[in-house]
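Hydrogens, waters and symmetry mates are skipped; everything else that's a heavy atom, side chains included, is used.
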Amino acid sequence: MTANTPRCRMGPQRRQHIFSENCSAHNIAPCCLCGAPIHRHEDRWIIEHKRALALLGSDTNPNCAPAHFNCGEIKTHAQDLPRIRKAKRQQPRHEGTKSRREGFMPRPVMRMTGIRAATRGN
């Protein structure tokens, strides 16, 4: 993979702006992962990148949304990290710096020629 997308500082002002963009009611926004409402001042919430930065997602507001803290942890460990690991495994083969493993090689087929082939047909 190419270099990860650089992460901009997520200050409180940007965090509140992203929450406000997704608000459905006064200080309530849906969780981008489970859809349950997040109360701005009562619930523990984070800003979740919809597409992980390590998977070349952008660090812009349209790629960010509020999520419950627990939902974000589950997504990170169950979806993002396995995808990132797989992408890192595939990168050297894609770039041509690592060849595929040889694995099982079938034996070449031997043609019967000469005297043995002539006597076999009878």
Exercise. Nearest heavy-atom pair of L55 and A87: which atoms, and what distance?
Worked result: CD2-CB, 4.2 Å
Problem set entry | Side chains of D80 and H49 in contact at under 4.5 Å (non-hydrogen atoms) | no
Problem set entry | Between Q13 and H17: side-chain donor-acceptor atoms closer than 3.5 Å | no
Exercise. What is the minimum heavy-atom distance between A54 and I84, and which atoms define it?
Worked result: CB-CD1, 3.5 Å
For this session: Measure the CD1-NE2 distance between I28 and H41 for me, rounded to the nearest 0.5 Å.
Result: 10.5 Å
Problem set entry | CG on N27 to CD on E42, rounded to 0.5 Å | 9.5 Å
For this session: Taking all heavy atoms of R40 and all of S20, pick out the closest pair and write down the distance.
Result: NH2-OG, 3.3 Å
Exercise. Does K50 NZ have over 12 foreign heavy atoms under 6.0 Å away?
Worked result: yes
Problem set entry | L33 CG to H68 NE2 distance, which is reported to the nearest 0.5 Å | 9.5 Å
Problem set entry | Closest contact, heavy atoms only, E48 versus C32 | CB-SG, 4.1 Å
Exercise. Could you go step by step and tell me if C34 and K75 meet the side-chain contact (heavy atoms from CB on, under 4.5 Å) rule?
Worked result: CA-CA 10 Å; C34 71; K75 177 187 176 272; over 6 Å; no
Problem set entry | Minimal non-hydrogen separation, N22 against P30, with atom names | O-CD, 3.3 Å
Exercise. Atom CG of L53 and atom SG of C64: how far apart are they, to the nearest 0.5 Å?
Worked result: 7.5 Å
Seminar exercise, completed: Rounded to the nearest 0.5 Å, the CD1 atom of I47 sits from the CE atom of M10 at a distance of 5.5 Å
Problem set entry | Distance-only donor-acceptor check, side chains N70 and R44, under 3.5 Å | no
Exercise. Do you reckon F69 sits in the same ILVMFWY cluster as F19, going by side-chain contacts under 4.5 Å, direct or chained?
Worked result: no
For this session: Report yes or no: does N63 contribute a side-chain atom to a donor-acceptor pair with the main-chain N or O of D59 at less than 3.5 Å?
Result: no
Exercise. Which value, rounded to the nearest 0.5 Å, describes the distance between E73 atom CD and H77 atom NE2?
Worked result: 4.5 Å
